[in-house]
Amino acid sequence: MRMAEAIKEICKNQTEAGYPADFLIGTVTAVEPYEIRVNEKLTLTESFLVFTETAYGNGYGLDIDDRVVMLSSNGGQRYLVIDRVAEAD
């Protein structure tokens, strides 16, 4: 499934379920398995994460301290990791 199609599907499902989709920024705190810290109270383990090819593919993956943008789905039960956040100079 292409990234745009996946995002549309998540948004559609969220709207139908009465839960709007939320965009979140997180920081990778561990790899193998991945963990992403959203805030001081929420750290997501790999079982909650779904990666787009842009975020994870092409053999590069994510590194510790990478900041990522995510889309939450299913009332916060799954998180689509979309891509790294570009840092402004």
Side-chain angles (χ1 to χ4, degrees):
M1 182 179 294
R2 300 185 75 148
M3 181 171 46
E5 292 168 357
I7 292 170
K8 286 179 188 177
E9 184 68 23
I10 288 171
C11 291
K12 177 183 170 216
N13 291 342
Q14 292 301 93
T15 301
E16 290 174 359
Y19 299 108
D22 289 324
F23 283 96
L24 303 165
I25 302 293
T27 303
V28 177
T29 56
V31 294
E32 296 184 31
Y34 280 106
E35 287 186 358
I36 297 176
R37 186 183 73 244
V38 177
N39 58 42
E40 46 290 326
K41 293 183 180 180
L42 179 61
T43 298
L44 303 169
T45 60
E46 194 163 319
S47 63
F48 291 95
L49 304 172
V50 176
F51 296 89
T52 64
E53 188 169 337
T54 304
Y56 185 74
N58 301 324
Y60 295 108
L62 298 169
D63 295 318
I64 292 176
D65 293 328
D66 280 349
R67 290 174 35 102
V68 294
V69 63
M70 299 179 290
L71 181 65
S72 71
S73 67
N74 296 331
Q77 297 300 309
R78 301 290 285 172
Y79 295 81
L80 177 65
V81 181
I82 299 171
D83 204 349
R84 289 180 181 88
V85 174
E87 300 294 330
D89 291 332

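Scope of the values below: all heavy atoms of this structure, side chains included, with no hydrogens, waters or symmetry mates.
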Taking only residues two or more places apart in sequence, or in another chain, which ones meet Leu42 in a side chain to side chain contact (heavy atoms under 4.5 Å, CB included)?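 Val38, Asn39, Leu44, Tyr79.
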Quick one: side chain to side chain contact (heavy atoms under 4.5 Å, CB included) partners of Arg67, sequence neighbours excluded? Ile25, Thr27, Val85, Glu87
[X] [atom1] to [Y] [atom2] distance, which is reported to the nearest 0.5 Å:
X     : Y     : atom1 : atom2 : value
Arg78 : Leu49 : CZ    : CG    : 8.0 Å
Ile82 : Thr54 : CD1   : OG1   : 9.5 Å
Gln77 : Phe48 : CD    : CZ    : 6.0 Å
Leu80 : Leu24 : CG    : CG    : 11.0 Å
Asp22 : Leu71 : CG    : CG    : 8.0 Å

Contact summary for Thr29 and Thr43, nearest pair of heavy atoms: OG1-CG2, 4.3 Å
Which residues share a side-chain hydrogen bond (donor to acceptor under 3.5 Å, both in side chains) with Thr45, sequence neighbours left out: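 Thr45: side-chain hydrogen bond (donor to acceptor under 3.5 Å, both in side chains) contacts with Ser47.
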List for me each residue that meets ring pair (Phe, Tyr, Trp, His ring centres under 6.0 Å) alongside Phe51, sequence neighbours excluded, and say none if there are none. Tyr34, Tyr56
